[in-house]
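Computed from heavy atoms alone, side chains included, the values below leave out hydrogens, waters and symmetry copies. One-based numbering along the sequence shown. Order of appearance sets the numbers: ligands from 1, and atoms from 1 within every ligand.
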Amino acid sequence: MVIATSREELSAARQNMRGQIGFAPTMGALHAGHLSLIERAKKENDFVALSIYVNPTQFGAGEDFARYPRKKEADIALCRAAGVDLLFMPENLYGANEPIVCAPLIGASILEGEIRRGHFDGVLTIVTKLFNLIKPMRAYFGKKDAQQLWLIQNMVKSFFMDIEIVACETTRENNGLALSSRNAYLSKSEKTDALKLSRSLFEASRLIKKNETKTAAIVAAILDILQPLKVDYIAIVDREFNALETIKKGETIILIAARVGATRLIDNMWI
Ligand code: PAF
């Protein structure tokens with residue numbers, strides 16, 4: 001495994017990789033969800049590249065940039081064991097007075113975008129920079145960040161970027177908790193509370209299997225299970241993130257954001 005920490009090292013390593021490159025951009029604190037992206041990328045490409053960069057521009061004031069988990073040595077060991085070919089761990093990828101990529105108004109102002117103003121501009125800007133540096137043929141993103149995935153797919157299409165975006169299933173603990181680097185913030189009792197998110201989504205899926213179609217009824221059932229967590233949103237949308245009044249099987253995503261203590265968690269289910 002080559003570890004590149006500068007653009008020069010990256011470009012030298014990249015030149016030696018002739019073939020299809022599958023790329024997983026990450027912010028580190030790697031877990032089994034990231035490993036599943038690596039595994040899939042290994043199957044579908046000649047080489048796998050992974051980046052670790054805690055991107056400052058996607059964190060708002062008062063968010064967790066400073067305390068975001070950083071686990072450099074453990075991450076390097078995981079990447080080596082998982083068979084990553086190129087690990088890019090830059091110090092800084094920004095200069096002064098740079099242009100940014102703006103997320104489209106609708107995508108940037110609903111759900112995560114409404115609560116985390118500017119977040120998706122930061123995500124799209126860093127993903128563009130990373131794509132330009134790594135030049136992958138395919139890039140792997142988790143469905144857990146569904147709105148991010150949708151906006152990246154939209155950007156790639158709109159800017160004619162020649163990269164296939166591969167959507168990967170959410171990895172869960174046996175108890176249902178969706179894996180997230182931010183789970184590291186949770187105390188033992190908060191981890192139990194956090195299970196309400198996945199439990200409410202499983203209940204939604206059960207209701208839909210029993211032919212409940214009204215989204216208002218499903219939202220009410222989810223809210224009931226999430227009590228007493230502070231809920232930022234429960235949304236039921238189609239694949240273009242338009243709100244739905246009735247469930248359309250094969251075209252629906254149910255999204256939740258809620259706070260467990262000081263930790264903000266998101267989860268979703270694709271119906
Ligand atoms: O999903 C993430 O970890 C980040 O938003 C990403 C895509 C690596 C950009 O910083």
Side-chain angles (χ1 to χ4, degrees), residues 4 10 21-38 40-41 48-60 63-72 74-75 78-79 82 84 86-94 98 100-103 107-108 111-113 115-136 138-156 159 161 163-172 178-185 253 255 257 263-268:
L10 175 68
I21 302 223
F23 173 47
T26 82
M27 298 206 296
L30 302 179
H31 50 64
H34 297 113
L35 295 182
S36 75
L37 305 184
I38 298 172
R40 173 117 185 237
V48 175
L50 183 139
S51 63
I52 296 179
Y53 182 64
V54 184
N55 171 36
T57 63
Q58 69 187 76
F59 291 81
E63 288 190 357
D64 56 344
F65 174 69
R67 69 181 192 116
Y68 194 85
R70 288 161 171 85
K71 300 185 173 168
K72 190 173 161 192
D75 285 349
L78 273 176
C79 286
V84 168
L86 170 59
L87 173 57
F88 182 43
M89 304 177 81
E91 279 291 315
N92 173 35
L93 289 176
Y94 290 96
E98 291 189 335
I100 60 165
V101 181
C102 276
L111 307 175
E112 287 303 289
I115 289 154
R116 307 183 69 190
R117 291 278 168 190
H119 168 69
F120 288 119
D121 296 349
V123 169
L124 295 186
T125 301
I126 196 63
V127 167
T128 300
K129 283 176 181 259
L130 289 166
F131 282 177
N132 287 337
L133 287 166
I134 305 276
K135 301 180 189 70
R138 300 187 183 84
Y140 294 78
F141 293 89
K143 284 182 168 182
K144 169 153 180 299
D145 291 302
Q147 196 176 355
Q148 164 175 289
L149 172 65
W150 169 58
L151 289 169
I152 290 169
Q153 280 167 332
N154 171 291
M155 175 181 76
V156 164
F159 290 169
M161 293 173 160
I163 297 173
E164 182 189 336
I165 302 299
V166 183
C168 301
E169 294 305 325
T170 299
T171 307
R172 297 181 182 278
L179 295 191
S180 160
S181 303
R182 289 192 168 94
N183 291 352
Y185 300 147
I253 313 175
L255 305 114
T263 305
R264 190 167 178 280
L265 296 176
I266 60 172
D267 199 353
N268 62 62

**Q** For the side chain of Gln147 and the backbone of Glu112, is there at least one donor-acceptor N/O pair under 3.5 Å apart?
**A** yes
**Q** In terms of atom number and element, which parts of ligand 1 are under 4.0 angstrom from non-hydrogen atoms of Ile126?
**A** 9 (C), 10 (O)
**Q** Tell me, which protein residue and heavy-atom name are nearest atom 3 (O) of ligand 1, and how many Å apart are they?
**A** Met27 CG, 3.7 Å
**Q** Would you mind checking which non-hydrogen protein atom is closest to atom 5 (O) of ligand 1, with the distance to 0.1 Å?
**A** Gln148 OE1, 2.7 Å
**Q** Report the residues that fulfil side chain to side chain contact (heavy atoms under 4.5 Å, CB included) with Thr57, sequence neighbours left out, ordered by chain and then residue number.
**A** Asn55, Tyr94
**Q** Measure across Ala103 and Leu124 and return the closest heavy-atom pair with its distance rounded to 0.1 Å.
**A** CA-CD1, 3.7 Å
**Q** Specify the closest pair of heavy atoms between Ala4 and Leu86, including all atoms of both residues, with the distance to one decimal.
**A** CB-CD1, 4.3 Å
**Q** Tell me the nearest of Gln58, His119, Lys129 to atom 9 (C) of ligand 1, using heavy-atom distances.
**A** Gln58
**Q** Under 4.0 Å, heavy atoms only, figure out whether ligand 1 is touched by the backbone of Ile152, its side chain, both or neither.
**A** neither
**Q** Kindly write out the residues that satisfy salt bridge (Lys or Arg N to Asp or Glu O under 4.0 Å) with Arg182, not counting sequence neighbours, or none if the list is empty.
**A** Asp64
